Amino acid sequence: MVCKKCETKTSKVAAPDPFQSSSSAIKDGSRKVGENKLLSRPGSSKNRFQPYQNKCKDCKSTVTQNKAKYCHGCAYKKGICSICGKKVLDTTGYVMSSK
């Protein structure tokens, strides 16, 4: 769970940009076929995703999002934003599983 304010901070998918291989940019040599734009841009090495860097504040398991303080399970159980910890959902009327 992520609040509206923290949606801009979420990780982006690192996938190649799909485009026509017959375009004029490839013929000129300015673009490569199958190039991953997130990994090839300048400064991407310091902003790269570190999967084992952060731990959840409650259960101490690894966090899958960048800059997240809580894992998805703990954020769902408590109804809070996983990045900033702000209350997003009132869970008093719900029966939440504790697996």
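A quick note: this is a predicted structure, and the numbers were derived from the prediction, not measured. One-based numbering along the sequence shown.
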Salt bridge (Lys or Arg N to Asp or Glu O under 4.0 Å) pairs touching residues 84-94, sequence neighbours excluded, are none
Any donor-acceptor N or O pair under 3.5 Å, side chains His72, Thr64: yes
So Val63 and Lys55, do their side chains get closer than 4.5 Å, heavy atoms only? no
Would you indicate whether the side-chain heavy atoms of Tyr94 and Leu89 approach each other to under 4.5 Å? yes
Could you walk me through whether Cys56 and Lys69 satisfy the side chain to side chain contact (heavy atoms under 4.5 Å, CB included) test, starting with their C-alpha distance in whole Å, then the side-chain angles of each, then the deciding distance to 0.1 Å, before giving a yes or no? CA-CA 6 Å; Cys56 177; Lys69 296 177 185 173; over 6 Å; no
What residues form a salt bridge (Lys or Arg N to Asp or Glu O under 4.0 Å) with Lys78, not counting sequence neighbours? Asp58
Members other than Ile80 in its cluster, when Ile, Leu, Val, Met, Phe, Trp, Tyr link by side-chain heavy atoms under 4.5 Å? Tyr70
Gln65 and side chain to side chain contact (heavy atoms under 4.5 Å, CB included): which partner among Cys71, Ser82, Cys6? Ser82
Just do the side chain to side chain contact (heavy atoms under 4.5 Å, CB included) check on Val2 and Ile83 with the steps written out, would you? CA-CA 7 Å; Val2 181; Ile83 296 176; 4.3 Å; yes
To the nearest 0.5 Å, what is the distance between SG (Cys81) and NZ (Lys4)? 12.0 Å
